[in-house]
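Have a look at the structure below before the remarks.
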Amino acid sequence: MTVVEITSESHFNELTTSLPATTPITLSFHTSWAAPCAQMNAVFNYLSTQYTDIAFLSVDAEAHPEVSETFDVSAVPFFVFIKNGKVVRELSGADPKELSAAIQELSGQKPAGQPAPTVENGTDKDATPEEDLNARLAKLVNAAPVMLFMKGTPAAPQCGFSRQLVGILRENQVRFGFFDILKDDAVRNGLKTFSDWPTFPQLYVNGELQGGLDIVKEILVDDPNYFKNVQTA
Ligand SMILES: N[C@@H](CCC(=O)N[C@@H](CS)C(=O)NCC(=O)O)C(=O)O
Ligand code: FES
């Protein structure tokens with residue numbers, strides 16, 4: 001299911017009470033400034049495409065302190081897993097494998113096919129800030145087999161170029177992870193140098209930049225089956 005970004009405490013209450021009691025819920029608490037949250041957001045977004053029986057809710061822990069307090073959130077990223085109205089598990093920290101395993105356990109389903117992302121958090125204490133950023137970007141572009149760096153989210157693109165590329169991916173039934181570069185200036189600016197590509201959207205397959213909107217359109221003119229033939233490892 002698509003990740004729903006919580007906009008207020010009443011939005012949270014309405015959503016959680018309107019869901020069938022049997023629908024498991026996973027909550028992701030994050031803040032806009034914490035780098036590990038940005039990585040885990042990408043992983044959470046990707047996992048949401050893999051399970052249709054779970055509700056994925058995303059909460060900005062600082063913007064909605066009432067919701068955070070209800071779940072005793074003292075550090076981010078923090079994940080809460082709810083089944084039949086009860087908290088069955090909590091996870092603290094940025095461990096994509098642990099999150100992926102916990103979500104699979106919560107679901108009655110197998111993941112939709114592609115392997116869970118293996119992006120890991122952790123910065124090298126001896127690394128320069130630039131090396132740290134590059135390590136982070138290298139992990140982010142690999143957060144899902146197909147990763148879209150865009151302005152806004154697929155549900156609410158903030159620019160026509162990003163909106164068009166989301167449309168193309170959906171038309172071609174491509175499962176993809178995404179990252180909203182408007183939420184993170186370090187990633188927005190860093191990726192331009194890292195990939196030597198000045199604009200967004202940017203589409204990556206298996207960590208390799210394919211290009212922006214124009215390039216993806218050209219690729220599809222040359223090979224309408226491009227996405228069917230893409231081997232995601
Ligand atoms: N022709 C480009 C269009 C994308 C584009 O021009 N993006 C601009 C405006 S949204 C951009 O990302 N500028 C840099 C920035 O906003 O950081 C493509 O094929 O992707
Ligand atoms: S945000 Fe202005 S063209 Fe994309």
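Residue numbers start at 1 and run along the sequence shown. As the structure lists them, so they are numbered: ligands from 1, and atoms in each ligand from 1.
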For Gly212, take its heavy atoms, then give the atoms of ligand 1 lying under 4.0 Å from any of them. 19 (O), 20 (O)
Main-chain N/O of Asn13 paired with Thr17 side-chain donor or acceptor, under 3.5 Å: yes
Side-chain (Asp60) to main-chain (Ala63) donor-acceptor, under 3.5 angstrom: yes
What do we get for Pro198 next to ligand 1 when only non-hydrogen atoms under 4.0 Å count, side chain, backbone, both or neither? backbone
Cys159 heavy atoms within 4.0 Å reach ligand 1 at atoms 10 (S)
Any donor-acceptor pair under 3.5 Å linking the side-chain atoms of Gln164 with those of Lys217? yes
For the residue pair Phe79 and Phe44, does the interplanar ring angle fall in the parallel (under 30°), tilted (30 to 60°) or perpendicular (over 60°) class? tilted
Pairs of nitrogen or oxygen atoms closer than 3.5 Å, one from Phe200 and one from ligand 1: do any exist? yes
Which residues pass the salt bridge (charged side-chain N to carboxylate O under 4.0 Å, His left out) test with Lys183, not counting sequence neighbours? Asp180
Of all the atoms in ligand 1, which lie at a distance below 4.0 Å from a heavy atom belonging to Phe161? 3 (C), 4 (C), 5 (C), 6 (O), 7 (N), 10 (S)
Nearest heavy atom to atom 14 (C) of ligand 1, choosing from Gln164, Lys192, Gln158, belongs to Lys192
Excluding waters, which protein N, O or S atoms are within less than 2.8 Å of atom 4 (Fe) of ligand 2? Cys159 SG
Donor-acceptor check, side chain of Arg175 to backbone of Gln50, threshold 3.5 angstrom: yes or no? no
Salt-bridged, Arg136 to Asp184, with N to O below 4.0 Å? yes
Nearest protein heavy atom with distance in Å, relative to atom 20 (O) of ligand 1: Leu213 N, 2.8 Å
Could you go through the ring-ring contact (aromatic ring centres under 6.0 Å, His included) check for Phe200 and Phe149 one step at a time? CA-CA 7 Å; Phe200 295 95; Phe149 290 78; 7.3 Å; no
Between Asp214 and ligand 1, does any nitrogen or oxygen pair lie at a separation below 3.5 Å? yes
Can you check whether a protein heavy atom sits less than 4.0 angstrom from atom 2 (Fe) of ligand 2? no
Are any side-chain N or O atoms of Ser162 and backbone N or O atoms of Lys151, one a donor and one an acceptor, separated by less than 3.5 Å? yes
Indicate whether any N or O donor in one side chain lies under 3.5 Å from an N or O acceptor in the other, for Ser100 and Tyr46. no
So which heavy atom in the protein is nearest atom 9 (C) of ligand 1, and how far is it from that ligand atom? Lys151 NZ, 3.8 Å
Report the relative orientation of the aromatic rings in Phe71 and Phe12; use parallel for angles under 30°, tilted for 30 to 60°, perpendicular for over 60°. perpendicular
When you compare ligand 1 with Ile215, is there at least one nitrogen or oxygen pair between them that comes in under 3.5 angstrom? no
